[in-house]
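Source: prediction; values computed, not measured. When a residue number appears, it is its place in the shown sequence, counting from 1.
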Amino acid sequence: MKKLLCSLLMLLPLSALAAPTVELATNKGLITIELDAARAPKSVDNFVAYVKAGHYNGTVFHRIIDGFMIQGGGFAIKDGELAQKPTRSPIANEADNGLKNVIGSIAMARTNDPNSATSQFFINLVNNEFLDYRSKTPQGWGYAVFGKVTAGMDVVNRISKARTAMIGGMQDVPIEPVVITKATYKP
């Protein structure tokens, strides 16, 4: 039976074996992200766990730098202020997986500690080679890419044009909130 199943799978076109995706419905439009679980299993498992838990619903893209990236997944608006959401424990950095921080790729955001990524992510607006893995040193670790935008890059680019300001002690915060209204996992 196992051999038969394997034989049948080999007859399917590659498009039929699509990777899992996540749809981010935002107040600016829909963004579809294809996940690369084969090359970034810990990052994908982490991201999907947050999606399935509803963590991203109601969060905002809180850091937008046109010509660089848009970042979200960690803050919601509460009483008109940015409020950080609680997270699970950090995950190991998988930036050495061969995936690059190119236009449309999605990567885990982190602090200066290479292994500090939790729920925050960013979508690259340009090729950001300086964020790629170079070595397992504090300066070389890079940022773990775990997927790519496959639809809605026009939405991402529209978001990147949002006017920003210093709000609540944070730079590059959109003046008009860009909200992820719902994140949906599509296996």
Tyr50 six-ring face occupied by Arg88 cation (under 6.0 Å, within 45°): yes

For the pair [X] (side chain) and [Y] (backbone), establish whether a donor and an acceptor sit closer than 3.5 Å, ignoring hydrogens and angles.
X: Asp36; Y: Arg39; result: yes
X: Asn93; Y: Ala95; result: yes
X: Asp113; Y: Asn115; result: yes
X: Asn157; Y: Met153; result: yes
X: Asn27; Y: Val179; result: yes
X: His55; Y: Gly73; result: yes
X: Thr59; Y: Ile180; result: no
X: Thr181; Y: Ala25; result: yes

Taking atom [atom1] of [X] and atom [atom2] of [Y], what is their separation to the nearest 0.5 Å?
X: Asp132; Y: Asp96; atom1: CG; atom2: CG; answer: 12.0 Å
X: Arg134; Y: Glu129; atom1: CZ; atom2: CD; answer: 11.0 Å
X: Lys28; Y: Ser160; atom1: NZ; atom2: OG; answer: 12.0 Å

Passing candidate, side chain to side chain contact (heavy atoms under 4.5 Å, CB included) with Phe122, options Ile106, Asn101, Ile64, Ile65: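 It is Asn101; the other options fail the test.
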
ring-ring contact (aromatic ring centres under 6.0 Å, His included) pairs, two or more places apart, involving residues 166-187: none

Check: Val156 and Leu125 side chains under 4.5 Å, non-hydrogen atoms: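 Contact flag for Leu125/Val156 side chains = yes.
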
Tyr56 and Phe47 aromatic ring geometry - parallel, tilted or perpendicular at 30°/60° bounds: tilted

Steps toward side chain to side chain contact (heavy atoms under 4.5 Å, CB included) verdict (Thr32, Lys186): CA-CA 10 Å; Thr32 303; Lys186 307 263 181 162; over 6 Å; no

Would you mind writing out the side-chain donor-acceptor pairs for residues 135-149 within the sub-3.5 Å range, not counting sequence neighbours?
{"from": "Ser135", "atom 1": "OG", "to": "Thr137", "atom 2": "OG1", "distance (Å)": "2.9"}
{"from": "Thr137", "atom 1": "OG1", "to": "Gly140", "atom 2": "N", "distance (Å)": "3.0"}

Ser43 and Glu94: CA distance, side-chain angles, deciding distance, side-chain hydrogen bond (donor to acceptor under 3.5 Å, both in side chains) verdict: CA-CA 7 Å; Ser43 299; Glu94 293 181 301; 2.8 Å; yes

